[in-house]
Amino acid sequence: MKVTDHISQAKDTLISFEVLPPLKGKGIEALYRHLDPLMEFQPSFINVTYHRSEHVFKKRADGSFEKVVVRKRPGTESICAAIMNKYNVDTVPHLICGGFSINETEDALINLRYLGIDNVLVLRGDAAKNETAFEPEPGGHKHASDLLKQVENLNAGIYLEDELKGTHKTEFCVGVAGYPEKHFEAPNMETDLRYLKQKVDLGADYIITQMFFDNAKFHAFVKSCREIGINVPIIPGLKPIYSKKQLTILPKTFHIDLPAELSNEVLRCKTDEDVEKVGAEWLLMQSRELKKAGVPVLHYYTLGRPLLVANVVKDI
Ligand code: FAD
């Protein structure tokens with residue numbers, strides 16, 4: 001079922017989760033162990049992130065270095081199908097521009113349809129570890145909006161081989177990313193919102209946001225979106241803080257701010273266990289306020305802390 005159908009049929013705020021594919025070599029049971037405690041909340045859908053290959057330099061026995069390609073977390077599409085099969089829940093695979101030619105993108109989308117997946121979150125992806133800025137594949141997509149056009153084309157039965165006749169029209173429900181604190185490459189919020197509106201005008205069915213720790217920023221973002229005519233559902237993305245290290249890692253990695261009230265409380269903690277308690281309280285406070293404000297879905301980035309998230313969702 002499509003994310004937008006879940007939202008339109010809901011009587012109350014829905015719950016959804018985001019997970020990562022297991023590290024290569026771990027096996028899917030590691031992911032099931034992560035998901036098991038979350039399933040009692042009957043999530044409407046589960047997002048599975050996509051992780052592109054990286055180039056790394058491996059030292060040879062003679063001391064020289066060899067450039068090799070590694071993919072640490074493969075399997076997004078098949079994990080989505082496995083989750084649907086095991087838990088009977090809808091899934092949303094993330095699909096990125098980086099590392100894909102347009103032909104590979106088309107094949108990936110066809111595979112998703114064969115697997116019975118109705119949703120896709122369309123993203124550009126970040127620069128590869130060895131790049132200073134995002135580089136599309138030769139002939140690949142430069143922006144999420146270009147990838148979105150390809151998905152919308154398939155939804156209209158337009159494949160890359162234009163001589164194909166009587167083609168099947170896919171029916172993907174498409175989500176895109178939004179940034180309450182601005183995407184880090186955008187020169188300003190106004191420009192970023194203009195490109196977000198472009199994605200919606202091209203057919204995006206809903207927006208899911210980057211994590212934020214200050215609900216006021218989310219509400220201001222929603223207001224700005226509505227003012228420029230973005231009328232699709234906007235789903236807040238939420239993440240718990242659980243270690244002191246995150247005070248610097250989260251802003252560095254995700255280009256977001258942490259409110260002083262939260263960072264001060266974390267700094268006062270003696271152990272990471274204490275930080276978990278502060279993080280859980282903060283997440284609960286955010287969740288309750290957003291639910292009261294009538295958000296369609298509370299979407300949790302569960303990364304490594306399913307039990308913490310489960311305890312918060314239980315108390316909402
Ligand atoms: P875009 O929409 O292409 O925007 C990127 C930048 O370009 C922005 O600054 C925007 O303002 C600008 N821009 C947009 N369109 C145009 C245009 N037509 N012309 C000029 N400028 C333009 N990354 C992964 O690799 N795997 C994942 O699974 C993943 N999941 C994510 C889930 C969520 C909810 C979010 C918020 C992010 C996720 N990311 C993931 C990270 C994401 O790929 C990065 O944030 C990336 O830098 C931008 O992706 P985007 O889809 O927002 O790009």
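Ligands are counted one by one from 1 in listed order, and the atoms in each one are counted from 1 as well. Quick caveat, the model's predicted, so the values are computed rather than measured.
By the criterion of side-chain heavy atoms lying less than 4.5 angstrom apart, applied directly or through intervening Ile, Leu, Val, Met, Phe, Trp or Tyr residues, Leu284 is grouped together with Leu290 in one hydrophobic cluster. When the side chains of ILVMFWY residues are joined at heavy-atom separations under 4.5 Å, either directly or via intervening members, Val122 and Tyr179 end up in two distinct hydrophobic clusters. Leu20 and Phe254 fall within the same hydrophobic cluster, defined by Ile, Leu, Val, Met, Phe, Trp and Tyr side-chain heavy atoms under 4.5 Å apart, directly or through other members.
Distance from atom 12 (C) of ligand 1 to its nearest protein heavy atom, with residue and atom name: Tyr195 CD1, 3.9 Å. What sits closest to atom 52 (O) of ligand 1 on the protein, heavy atoms only, is Tyr179 OH, 2.8 Å. The nearest heavy-atom contact from the protein to atom 26 (N) of ligand 1 is Tyr50 O, 2.8 Å. Shortest contact from atom 2 (O) of ligand 1 to any protein heavy atom: Lys199 NZ, 2.7 Å. Among all non-hydrogen protein atoms, the one lying nearest atom 22 (C) of ligand 1 is His143 CE1, 3.3 Å. In this structure, the protein non-hydrogen atom closest to atom 23 (N) of ligand 1 is Gly125 CA, 4.1 Å. Counting only heavy atoms of the protein, atom 34 (C) of ligand 1 lies nearest to Tyr301 OH, 3.2 Å. At the top of the distance list for atom 51 (O) of ligand 1, counting protein heavy atoms only, stands Arg124 N, 2.9 Å.
Under the 3.5 Å distance criterion, the side-chain polar atoms of Asn153 are left unmatched by any main-chain donor or acceptor of Ile158. Arg73 places a side-chain N or O within donor-acceptor distance of the main-chain N or O of Pro21, the cut-off being under 3.5 Å. Side chain of Thr76 to backbone of Thr49: a donor-acceptor contact under 3.5 angstrom is found.
Where the criterion is an N or O separation shorter than 3.5 Å, residue side chain and backbone included, Thr49 fails it with respect to ligand 1. Between Ala177 and ligand 1, no pair of N/O atoms sits closer than 3.5 Å. Between Asp126 and ligand 1, at least one N/O pair is under 3.5 Å apart. Ligand 1 has a nitrogen or oxygen under 3.5 angstrom from a nitrogen or oxygen of Gln198.
Residue contacts with ligand 1 do not include Phe254, since none of its heavy atoms lies under 4.0 Å from the ligand. In this structure, His51 does not count as a contact residue of ligand 1, since none of its heavy atoms falls inside 4.0 Å of the ligand.
A cation-pi arrangement is absent between Arg60 and Phe65, since the terminal nitrogen or guanidinium carbon is not both under 6.0 Å from the aromatic centre and inside a 45° cone about the axis. Cation-pi check for Lys314 over Phe41 is not met; the charged atom does not lie both under 6.0 angstrom from the ring centroid and within 45 degrees of its normal.
Summarising the contacts of atom 10 (C) of ligand 1 with Thr209, Ile208, Asp192, the nearest heavy atom is found in Asp192. Of the candidates Ala144, Ser145, Ala186, Pro93, Ala144 brings a heavy atom nearest to atom 3 (O) of ligand 1.
Counted by atom type alone, Asn119 and Tyr206 present zero donor-acceptor pairs between their side chains at under 3.5 Å. Side-chain atoms of Asn111 and Glu77 include no donor-acceptor pair closer than 3.5 Å.
In His94, the part holding a heavy atom less than 4.0 Å from any atom of ligand 1 is the side chain.
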